[in-house]
Amino acid sequence: MLNIWTRSASLFILALLASGCLDFSFGSDSTEVKGCSVATPHSVADDLQSRYALGSHTTLYLSDLDNPQVTSSDSEIVAVGPIEDDETDEYGDKLVELSFVGIGTAVLTISEAGESLPADVPIEVAAFERFEVVLPTLFYHDPVVPLAGRTVIDPEFEVIYYDRGGRLYGQGLAQAEWASAEDLPGDSFFNDTLDSGAHQVEVRAARRASVIPFAAVARDEVVALELLETRLDESLIRLELVGLTQLGTPVWNIDPILLPQGGGLYFGSFEYLRDPDARPVELTAISFAGSPVGALDPIETTFQGEPTREGSSLFSFASVGGNAPLMAFVSLLLMTLALRVSAVWKST
């Protein structure tokens with residue numbers, strides 16, 4: 001699972017990827033992009049989910065659209081706020097807030113001046129029936145790990161919502177005594193002031209409440225890394241990287257990065273379909289948070305099978321040479337360090 005600072009860095013990289021300004025692609029089906037691609041209403045609509053929780057809201061970023069317009073077919077289900085264009089912001093953010101105010105389905109239409117093909121997005125709004133408190137992930141489709149009973153560094157969590165139909169998205173429903181990570185999607189909270197030892201946190205959403213027990217450790221208590229293997233079904237295997245304390249306690253949010261031979265960079269976990277007849281493939285697992293100065297040795301292992309994108313956060317690289325994964329890793333590390341330095345600077 002990802003540390004909050006590395007998650008912020010990763011989201012920044014995703015923004016660059018979405019703009020087409022980096023020379024590698026996202027997902028195995030993406031095409032190589034040279035230079036910067038032009039945003040369209042449909043590319044902006046890709047940031048939306050199909051189901052949101054009643055009473056929540058989300059922010060839709062429109063910065064790359066020319067004179068954008070956003071409308072709802074039913075403002076009593078999905079209400080659209082005014083488009084804000086903050087020219088004083090260094091990033092020139094142009095955004096609109098969507099509020100999910102009624103149960104049902106509404107169509108959100110995104111258009112821009114001179115664009116003949118607006119994007120129509122059906123959005124269902126439903127009341128949530130339960131919530132879970134989990135370690136943060138980078139992508140919505142990543143497997144979730146409950147905070148309860150885990151040991152973590154600089155504790156953090158996000159709250160995800162469900163009804164009988166599955167997961168519901170949106171933010172603004174949960175409360176906790178910890179600081180809110182407002183720059184991340186969803187309801188996310190963190191606390192980097194806790195001493196090592198057992199703790200608990202109370203989370204409330206609507207009239208529901210949950211008390212979550214967990215443990216915290218300091219960064220220097222993590223002395224090694226370990227790969228955990230979970231058999232999800234007859235052939236599907238998940239690999240997850242954890243840290244280990246001197247007593248052998250697994251530590252979960254250590255910013256796992258998994259690099260299989262042949263290209264690709266996975267955040268959080270790596271899944272593959274086992275094939276005993278396949279050629280063995282080397283995989284290297286590393287971590288940021290467990291060892292900021294690089295003192296922990298990476299883990300190398302081999303697997304026999306085919307990687308799957310299900311349950312894994314994957315960057316696959318365009319044809320820019322055999323060192324593409326290493327280049328991406330170095331870039332990610334530099335961005336992470338820059339964000340952490342920036343955070344320290346702002347707090348002083």
Side-chain angles (χ1 to χ4, degrees), residues 1-12 14 47 49 52-59 97-100 128-162 167-219 222 242-243 250-256 267-269 288-290 313 336 339-340 342-344 346-347:
M1 297 300 105
L2 298 179
N3 178 276
I4 199 166
W5 303 118
T6 302
R7 189 179 184 211
S8 298
S10 302
L11 288 172
F12 175 61
L14 288 182
D47 291 335
Q49 303 297 322
Y52 285 88
L54 178 67
S56 70
H57 60 84
T58 193
T59 300
E97 185 171 284
L98 308 177
S99 299
F100 307 103
F128 80 90
E129 299 171 358
R130 63 182 180 91
F131 67 82
E132 292 185 8
V133 177
V134 303
L135 299 181
T137 57
L138 182 58
F139 295 97
Y140 286 129
H141 66 262
D142 288 347
V144 298
V145 175
L147 172 63
R150 308 286 174 178
T151 299
V152 292
I153 300 169
D154 293 343
E156 56 191 306
F157 65 85
E158 63 180 315
V159 184
I160 54 179
Y161 307 97
Y162 296 91
R167 184 168 174 179
L168 298 166
Y169 297 86
Q171 61 188 121
L173 294 175
Q175 298 85 42
E177 61 264 33
W178 293 6
S180 175
E182 297 179 353
D183 59 331
L184 300 179
D187 286 332
S188 301
F189 302 86
F190 69 96
N191 189 336
D192 55 5
T193 65
L194 296 180
D195 294 330
S196 295
H199 298 275
Q200 64 182 30
V201 61
E202 181 177 5
V203 182
R204 294 182 174 273
R207 289 186 290 273
R208 299 168 176 83
S210 182
V211 177
I212 312 298
F214 66 95
V217 297
R219 293 174 183 267
V222 179
V242 298
V251 180
W252 281 83
N253 63 336
I254 60 163
D255 302 343
F267 295 90
S269 65
F288 287 156
S313 304
T336 303
L339 282 171
R340 285 180 173 169
S342 175
V344 171
K346 290 180 180 179
S347 64

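- Under the ring-ring contact (aromatic ring centres under 6.0 Å, His included) criterion, Phe214 pairs with Trp178, His199, sequence neighbours left out.
- Here the CZ-CD distance, from Phe189 to Gln175, works out to 7.0 Å after rounding to the nearest 0.5 Å.
- Under the salt bridge (charged side-chain N to carboxylate O under 4.0 Å, His left out) criterion, Glu97 pairs with no residue at all, not counting sequence neighbours.
- Remark: Tyr52 pairs with no residue by the side-chain hydrogen bond (donor to acceptor under 3.5 Å, both in side chains) rule, at least two apart or across chains.
- By the 4.5 Å heavy-atom criterion applied to side chains, Ser56 and Gln171 are not counted as neighbours.
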Audit row: Phe131, Ser210, side chain to side chain contact (heavy atoms under 4.5 Å, CB included) steps and yes/no
CA-CA 9 Å; Phe131 67 82; Ser210 182; 3.9 Å; yes

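- For Asn191, the side-chain hydrogen bond (donor to acceptor under 3.5 Å, both in side chains) partners are Thr193, not counting sequence neighbours.
- You'll find the side chain of Thr58 stays beyond 4.5 Å of the side chain of Tyr169, heavy atoms only.
- Of the possible donor and acceptor atoms, one in the side chain of Glu158 sits under 3.5 Å from a partner among the backbone N and O of Thr137.
- Under the 4.5 Å side-chain criterion, counting only non-hydrogen atoms from C-beta, Ile153 is in contact with Ile254.
- Between Pro136 and Ser188, every side-chain heavy-atom pair lies at or beyond the 4.5 Å cut-off.
- Looking only at side-chain heavy atoms (C-beta outward), Phe157 and Leu135 stay at 4.5 Å or farther from each other.
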Go through the steps for Glu177 and Val201 under the test side chain to side chain contact (heavy atoms under 4.5 Å, CB included), then give the verdict.
CA-CA 8 Å; Glu177 61 264 33; Val201 61; 3.9 Å; yes

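- Arg204 meets the salt bridge (charged side-chain N to carboxylate O under 4.0 Å, His left out) test with Glu202; sequence neighbours excluded.
- With hydrogens and angles ignored, the 3.5 Å screen pairs no side-chain donor or acceptor of Asn253 with any backbone N or O of Val152.
- Of the possible donor and acceptor atoms, none in the side chain of Asp192 sits under 3.5 Å from a partner among the backbone N and O of Asp154.
- Partners of Arg208 according to the salt bridge (charged side-chain N to carboxylate O under 4.0 Å, His left out) rule, which considers only residues two or more places apart in sequence or in another chain, do not exist here.
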